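Because the structure is predicted, anything quoted here is derived from the model rather than measured. Residue numbers start from 1 in every chain, and the chains themselves are labelled A, B, ... in the order their sequence lines are given, proteins ahead of strands.
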Amino acid sequence: MKYDFAAIEKKWQDKWEEAQVFRAGNDYKKPKFYALVEFPYPSGSGLHVGHPRSYTALDIVSRKRRMQGYNVLYPMGWDAFGLPTENFAIANHIHPKEVTKKNVARFKDQLRSLGLSFDWSREINTTDPDYYKWTQWIFLKLFEKGLAYKTTMPVNWCVSCKCVLANEEVVNGVCERCGSEVVRREKSQWMLKITEYAQRLIDDLDLVDYAERIKIQQKNWIGRSTGAEVDFKTTENDILRIYTTRPDTLFGATYMVISPEHPYIEKWSGKIKNISEIEAYRETAVHKSDFERTEIAKDKTGVKICGVSAINPVNGKEIPIFVSDYVLMSYGTGAIMAVPAHDTRDYEFAKKFDLPIVEVVKGGNIEKEAFVDCETGVMVNSGFLDGLSVAEAKKKITEYLNEKGIATPKVNFKLRDWVFSRQRYWGEPIPLVYCEKCGWVPVPEDELPLRLPEIGSYEQTDTGDSPLAKITDWINTKCPKCGGSAKRETDTMPQWAGSSWYFLRYTDPHNKSTLASKEALEYWTPVDWYNGGMEHTTLHLLYSRFWHKFLYDIGVVPTKEPYSKRTSHGMILGENGEKMSKSRGNVVNPDEIVKEYGADTMRLYEMFIGDFEKAAPWSASSIKGCRRFLERTWALSDSVASGDCYSAKNEAILHKTIKKVGEDIENLKYNTAIAALMTLLNSFYENGVNRAEYNTFLKLLNPFVPHITEELWSIPGNMEMLALSAWPAFDENKTKDEEVEIAVQLNGKLKATVRLPADSDEKTASDKALSDERVKAALSSCQIVKTIVVKNRIVNFVVKPL
RNA sequence: GCCGCUGUGGCGGAAUGGCAGACGCACUCGACUCAAAAUCGAGCGGGAAACCAUGUGGGUUCAAGUCCCACCAGCGGCACCA
């Protein structure tokens with residue numbers, strides 16, 4: 001019989017669906033396993049070959065865990081709000097809802113065709129009002145607890161489209177769509193206080209099992225630094241507060257810099273002699289786009305404030321104050337003490353403006369460059385700190401400043417609050433109402449979801465407001481508090497909102513009265529294993545951890561962390577080794593692969609392609625090897641002998657393979673698990689195979705290639721589905737071969753190999769080695785000094801010439 | 001600039017400090033065929049060999065792809081965070 005993958009795959013997909021095989025039970029007594037992959041954005045271009053890499057990997061884990069008796073939840077849904085859909089809607093005058101519906105249908109067909117064991121009864125969609133009701137509800141809770149606030153923020157503004165752009169739409173400083181200049185413009189935006197959770201987001205990384213690179217990236221993004229705020233007196237007799245991580249270098253502070261946005265410029269305006277120059281500088285700095293700011297980052301600019309200076313508190317010296325945009329108002333206090341000898345930026349600035357550079361830590365060459373890595377140096381030119389190590393100086397100066405009451409220890413974070421507003425249509429409406437009398441008032445809970453109104457045009461207004469701002473009968477409403485006339489917020493939420501809590505909804509997706517029942521959350525959370533792309537490490541992963549912690553704080557969820565374990569897969573690149581993209585013309589369409597080779601081959605190949613965590617280029621010829629393996633698996637089914645226990649010839653390799661495949665699946669080593677299965681098949685071809693052996697092989701192979709194995713399992717008359725059968729067990733004692741081949745080395749260089757019984761003692765091994773002709777010959781001209789034997793591995797003779 | 005990752009055959013890649021190149025692709029030869037494809041069998045880092053080979057140069061060790069130090073190259077992320 002021919003291996004007719006198309007018919008087989010269709011047959012089993014239908015059977016699984018009909019029998020609801022992958023439905024997660026609500027049997028809360030069974031051990032559970034919650035596997036999660038990032039739900040896709042259903043784009044118009046359909047599934048990418050990258051999607052199945054992640055989905056197949058956790059499908060394999062899920063299928064194995066089911067066979068091991070777990071109650072497995074492996075859900076799927078749609079992160080369907082977002083820009084491309086909206087842009088498509090604008091261009092084609094179709095409602096984004098319709099676009100989404102079509103794209104979801106296509107994605108779902110494509111996913112179904114891959115035989116992924118998702119529980120489709122729990123499918124969710126972030127654009128479904130029954131879903132976003134709870135996204136809005138969480139937002140209202142954040143608002144209620146003071147974690148949502150409105151503030152004026154610079155946004156990206158395209159001068160030609162006259163609209164606000166998301167960061168993703170700004171490419172190399174210009175508008176992605178029209179190529180025109182993008183400038184900064186102030187706009188009032190809703191913000192979420194993620195910074196309030198910064199410390200906990202770092203600390204609780206200790207509670208979870210994330211790949212180390214993910215933890216490091218999160219920590220870097222949050223960017224904690226410890227230092228002190230120090231007060232400098234000025235000639236105006238007021239206090240300029242700065243932040244520094246290096247109070248020990250205070251004697252080297254030869255000038256100060258404040259940010260162009262610093263409020264003291266106004267405060268001192270009467271005293272500043274060159275105020276017009278300062279204001280002109282400030283104007284240009286404020287209006288620079290982010291792109292311009294970074295473009296000219298190498299070249300420092302600034303203006304000296306004439307008329308006001310500061311006093312260095314340790315030596316009483318009067319030092320000048322500059323305004324420069326290399327100091328950011330949004331970090332620390334917006335003012336710094338500049339220590340050019342030990343900071344590269346200060347050094348550059350000092351060189352340009354010809355300011356004194358005073359070395360305070362010995363060891364560098366400050367004629368040439370700033371000496372920054374000076375943690376092990378010794379203090380100089382620093383009065384009472386001279387001769388101390390940097391660490392000692394830090395301690396002493398801190399005590400000194402504390403005593404004088406001009407310094408306080410301070411921790412700062414790079415992490416900023418989350419800009420939560422989008423001036424767009426296709427997102428969750430922010431459920432707030434503005435009343436002249438009562439201010440911002442939440443839409444009452446029983447009025448949620450606040451639905452998106454039906455409108456005809458999805459473009460922003462000329463002022464960059466959301467298209468919702470044009471719907472006057474939607475905007476104008478009554479204040480829920482006082483009943484007076486009020487206006488709805490017209491901004492919508494960012495795409496990150498719906499994806500920040502979706503994993504909770506899967507546990508109880510149809511619940512009408514709460515986002516998920518207590519019992520469901522108690523049982524299913526936290527997610528046991530979450531796999532996704534590295535590109536989501538800093539935003540999505542951080543945002544969802546933040547929301548989860550907030551929900552924990554208000555008693556909605558039972559765990560501090562949403563995900564016990566997080567892994568990430570590498571990208572699948574085009575055949576030329578570059579990222580797949582339409583413009584590079586190297587995109588592989590998964591539909592065509594499934595059509596030509598079948599879903600099983602596609603799955604197997606994507607798992608065999610290389611190290612799961614690393615990027616790997618697609619290869620049209622390599623996939624044939626995977627297909628060949630399945631053909632050989634199929635062909636062998638005709639020559640299976642009877643037998644209900646393992647034969648002596650195959651016993652050891654079977655136990656070994658069961659062990660290896662099981663361990664490799666848990667350790668993301670799918671490629672070597674498949675290699676072991678290929679080796680096993682080769683061994684069957686060599687030694688013959690019986691029914692018991694072939695059945696074990698099918699079980700091990702099933703999570704990888706579920707359709708063909710299910711078919712081969714059913715052919716001899718098995719009524720129970722393979723997917724529901726028990727995962728094979730192995731016996732550690734039987735994983736060992738009776739005889740082993742060991743290497744014989746002279747001074748670590750291979751001279752021969754010898755065979756001997758497994759676990760032979762050192763004497764037996766070295767005697768056997770010594771009796772080998774090649775070893776004898778090699779030893780004839782030298783003397784053995786020492787013999788090293790590693791059991792079942794090597795015998796190494798350490799020798800010297802006679 | 002900073003952070004992270006990666007350098008192993010023609011290619012994808014294997015190797016708890018213990019026989020480098022498992023498994024697969026490509027390729028070569030042979031069988032089958034009128035022929036080709038498919039399939040099956042054999043070979044496949046370099047070198048005649050001694051030996052030499054895991055980006056480069058040092059080091060630790062009886063033994064290094066693996067550990068340490070210093071470089072070089074590529075990829076990804078961040079970007080004036082005091």
(Q) Which helical stems does RNA chain B take part in, if a stem means at least 3 consecutive Watson-Crick or G-U pairs with both distances below 3.5 Å? (A) B:1-7 with B:72-78, B:10-12 with B:23-25, B:27-31 with B:39-43, B:55-59 with B:67-71
When the [atom1] atoms of [M] and [N] are compared, how many Å lie between them, rounded to an integer?
N: B:U66; M: B:G18; atom1: C1'; value: 11 Å
N: B:G10; M: B:G46; atom1: C1'; value: 14 Å
N: B:U6; M: B:G55; atom1: C1'; value: 11 Å
N: B:A42; M: B:G58; atom1: C1'; value: 44 Å
N: B:C25; M: B:U16; atom1: C1'; value: 29 Å
N: B:G45; M: B:G21; atom1: C1'; value: 8 Å

Nearest to the side chain of [X], heavy atoms from C-beta on, is which of [options]?
X: A:D611; options: B:A26, B:A14, B:U16; answer: B:A14
X: A:D343; options: B:G13, B:C25, B:A82; answer: B:A82
X: A:N796; options: B:A63, B:C23, B:A82; answer: B:A63
X: A:V790; options: B:G24, B:G18, B:C25; answer: B:G18
X: A:P617; options: B:C80, B:G24, B:G12; answer: B:G12

Q) Has the side chain of A:E741 got a donor or acceptor that lies under 3.5 Å from a partner of the other kind on the base of B:C19? A) yes
Q.
At less than 3.5 Å, do the side-chain atoms of A:K414 and the base atoms of B:C78 form a donor-acceptor pair?
A. no
Q | Considering all heavy atoms, the nearest A:Y281-A:T284 contact | A | O-OG1, 2.7 Å
Q. Looking only at heavy atoms, what is the nearest atom pair of A:V789 and A:A765, with distance?
A. CG1-CB, 4.0 Å
Considering every strand and a 4.0 Å limit on heavy-atom distances, what is the contact class for [X]: base, sugar-phosphate, or nothing?
X: A:F608; value: base
X: A:K669; value: sugar-phosphate
X: A:Q745; value: base
X: A:N682; value: sugar-phosphate
X: A:D346; value: nothing
X: A:S225; value: sugar-phosphate
X: A:I794; value: base
X: A:A635; value: nothing

Can you give me the N/O atom pairs linking the protein to nucleotides 1-7 of chain B at distances under 3.5 Å, or say none if there are none?
residue	atom	partner	partner atom	Å
B:C3	O2'	A:N220	ND2	2.6

Q. Are a donor atom and an acceptor atom from the side chains of A:T537 and A:R213 found within less than 3.5 Å of each other?
A. no
Q.
Side chains of A:T764 and A:D761: any donor to acceptor distance under 3.5 Å?
A. yes
Q: Identify, between A:S619 and A:K579, the residue whose nearest nucleotide on RNA chain B lies closer to the 5' end.
A: A:S619
Q: Could you check A:T244 against A:N747 and say which one's nearest nucleotide on RNA chain B is further toward the 5' end?
A: A:N747
Q. If anything within 90° of 0 is syn and all else is anti, what is B:G9?
A. syn
Polar atom pairs between nucleotides 41-52 of chain B and protein, under 3.5 Å, N or O only, would you list them?
residue	atom	partner	partner atom	Å
B:C51	OP1	A:K751	NZ	2.9

